[in-house]
Chemist: 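The structure follows.
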Amino acid sequence: MSGTARLLLEWFRTRQRDVPGRNESDPYRVWVAEVMAQQTRISTVIPYYESFLERFPDVETLAASSLDDVLKAWEGLGYYGRARNLHRAAGEVRERYGGRLPEDADALRSLPGIGAYTAGAIASIAFGKPEPAVDGNVRRVLSRLYDLENPTPGCLDALSRDLIAEAGGAAGPLNQALMDLGSSVCTARAPDCDECPIARHCLALQSGTVALRPVRRRRPPLPHQDIAAALVWRGPQLLIARRPEDGLLGGLWEFPGGKVETGETPAEAARREVLEELGIEVEIVGEVAEVQHAYSHFRITLHLFHARWIEGDPAISESRAGSPRWVLPGELARYAFPAANQAVIRRLVGGEERAPESPGPA
DNA sequence: AACTCGGGGCA
DNA sequence: TGCCCAGAGTT
C-alpha cells in the first residue's frame, strides 16, 4: 500500500461532519442528498434535505406525488431540472425496479438526473460497490495530488480506482474522504496544505503548482436584461402562469411578463407581454418593485407592476404560457416561484401588498 | 466540446 | 463584482 489511501481513510475516520446522505443506510436518502448536492453548497442543501425527506420519505411517495408538489419542495434550491428528473426517475424506479434503487452503477446511470458522479456516489456509499465518484472536489484533489493540468474524466476515473484498490475496495469511505478533503482542506482558493494528511504525497505541492491546479477558464461578463411583469388583479384575485417545463426555471410559476424591448418602457412591456402571452387587456396602474437578480450566465432587473384586468379570459385564450389561473394572494404560498419573486410573494401572502383601489378585507 | 441550467456565499 | 460550488442533459 502506497500509504495515500490509508492516510485518507485514517483522516476521514476522525472526521465527524454533518453531511446529508452520509452515515445513511437508505439508498433513497443517499440519492436525494447527492442530487441536491449537485453544484450546490452543503450548507444550502441541509434544510431542504430534511424537509424534502419528511414530505417525500420514500420512492413510492415521491413517484405518486405531483411535479408541482416536488417543485414546491425544491423552491429556491435552483437547477429545477434536478427536481423534474428526480420525480421522473422515481417513477422509473417504481416501474422497473419495484421501488428499490438498482445497485449497479450503469443501471443507476441510466436514470434521469443520475450522471457518472451521482451513480458512483450512490453505488459506493449506499451499496459498497468499488466505484469512483469524481465531483469537482475530487477532480481538484487528484489534479493537485498528481500535478495534472487538465485531466480527462477517464484519467480521474482510473486514478480513483487505483486508490479504491489500495483502500481494499472501501470505495464509500475513500470517495467521501476525497470529497471531504477537497471541501475543507484542499479548497479552490485557499488550500490549507499544513493540515493536509497527504501533503507528503502531493506532487503539486512539491512543484509549487497547487494554486494552478486545476486550470480554470475565464468567463465573459454577465449580460444584463430588463424584465417586466404584472400583478394582474381581477377583484381580489391575481393572475399567475406556469412556465414551460423545458428551459430556465422550467415548471415554476410566475407573474406574466417578459423582456423589455428597446424603445419601450417597462410598463409598456408588461402590458404588451400580458396581451401577447395570455390574450388579455390590462391597464398598468402602479409600480410594485424593482428587483435585481443574478443568474449564472446573465443578470436581470425585474420590473413588477400592479395592473387592472380589463378584458379577456386567459383560460380560453391561445396562451404560450401554460395553465394560467386566478388565485388569491394567500394561495401564492402553494406555488413554486423563482427566487427573484420571493420578496414580493411574501408581501402579497402577508397582505402587505394589495390590489390598488381594492376594497380590502371585509 | 460547448452550452444551458439557479442560487447563494465569499474574498 | 467575479468565482465557485459533492453535475447532468442536450446538441
Chemist: Using atom C1' of each nucleotide, how far apart are dG8(B) and dG9(C) to the nearest Å?
Modeler: 23 Å
Chemist: Reckon Y295(A) touches a base, only the sugar-phosphate, or nothing at all at heavy-atom distances under 4.0 Å?
Modeler: sugar-phosphate
Chemist: So T118(A), base contact, sugar-phosphate only, or nothing? Heavy-atom distance under 4.0 Å.
Modeler: sugar-phosphate
Chemist: Determine the interatomic distance between P on dG9(B) and the same-named atom on dA8(C); round to the nearest Å.
Modeler: 23 Å
Chemist: Just the rounded figure in Å: distance from P of dT10(C) to CD of E245(A).
Modeler: 14 Å
Chemist: Pick out which of L302(A), T301(A), I300(A) makes a side chain to side chain contact (heavy atoms under 4.5 Å, CB included) with Q292(A).
Modeler: T301(A)
Chemist: Consider the side chain of N137(A), meaning its heavy atoms from C-beta on, and name the nucleotide among dA6(C), dG7(C), dC3(C) that approaches it most closely.
Modeler: dA6(C)
Chemist: To the nearest Å, how far apart are L248(A) CG and dG9(C) P?
Modeler: 18 Å
Chemist: With a 4.0 Å cut-off on heavy atoms, is R22(A) in touch with a base, just the backbone sugar-phosphate, or nothing at all?
Modeler: base
Chemist: Between P20(A) and I114(A), which has a closest nucleotide on DNA chain C that is more 5'?
Modeler: P20(A)
Chemist: What are the 5'-most and 3'-most nucleotides of DNA chain B lying under 4.0 Å from any heavy atom of chain A?
Modeler: dT4(B) to dG9(B)
Chemist: Rounded to the nearest angstrom, tell me the gap between atom CZ in R189(A) and atom P in dC5(C).
Modeler: 9 Å
Chemist: Answer yes if L53(A) and V70(A) sit in the same cluster of Ile, Leu, Val, Met, Phe, Trp and Tyr residues linked by side chain heavy atoms under 4.5 Å apart, and no otherwise.
Modeler: yes
Chemist: Are H297(A) and Y295(A) an aromatic pair, judged by ring center distance below 6.0 Å?
Modeler: no
Chemist: Looking for any heavy atom pair under 4.0 Å, which part of the strands does G182(A) touch: base, sugar-phosphate only, or nothing?
Modeler: nothing
Chemist: Categorize L222(A) for me: base, sugar-phosphate, or nothing, with a 4.0 angstrom heavy-atom threshold over every strand shown.
Modeler: nothing
Chemist: Which is true for L86(A) with a 4.0 Å heavy-atom rule: it touches a base, it touches only sugar-phosphate, or it touches nothing?
Modeler: nothing
Chemist: Reckon V19(A) touches a base, only the sugar-phosphate, or nothing at all at heavy-atom distances under 4.0 Å?
Modeler: base
Chemist: For V134(A) and R41(A), take the nucleotide of DNA chain C holding the closest heavy atom to each; which residue's nucleotide lies nearer the 5' end?
Modeler: R41(A)
Chemist: Expressed in angstrom and rounded to an integer, what is the separation of H297(A) atom NE2 from dC5(C) atom C1'?
Modeler: 14 Å
Chemist: Within a strict 4.5 Å, meaning less than it, do heavy atoms of the W233(A) and P329(A) side chains meet?
Modeler: yes
Chemist: Between atom CZ in R299(A) and atom P in dC3(C), what is the gap in whole Å?
Modeler: 12 Å
Chemist: Using only heavy-atom distances, decide whether a donor-acceptor pair under 3.5 angstrom links the side-chain of R140(A) to the base of dA6(C).
Modeler: no
Chemist: Between atom CG of L145(A) and atom CG of L159(A), what is the distance when rounded to the nearest 0.5 Å?
Modeler: 8.5 Å
Chemist: Suppose you measure atom P in dC5(B) against the same atom in dA6(C); what distance do you get, rounded to whole Å?
Modeler: 23 Å
Chemist: Measure the distance from CG on L108(A) to C1' on dG7(C) and round it to the nearest whole Å.
Modeler: 16 Å
Chemist: Rounding to an integer number of Å, can you tell me how far R82(A) CZ sits from dA8(C) P?
Modeler: 11 Å
Chemist: Parallel, tilted or perpendicular, judged at 30° and 60°: which one describes the rings of W253(A) and Y335(A)?
Modeler: perpendicular
Chemist: On the nucleotide dC5(C), are OP1 or OP2 found under 4.0 Å from the side-chain N or O atoms that Q39(A) carries?
Modeler: no
Chemist: Quick one: label G21(A) by what it contacts on the DNA or RNA (base, sugar-phosphate, nothing), any heavy atom closer than 4.0 Å.
Modeler: nothing
Chemist: Hey, does A116(A) reach any base, or is it just sugar-phosphate, or nothing, if we go heavy atoms under 4.0 Å?
Modeler: sugar-phosphate
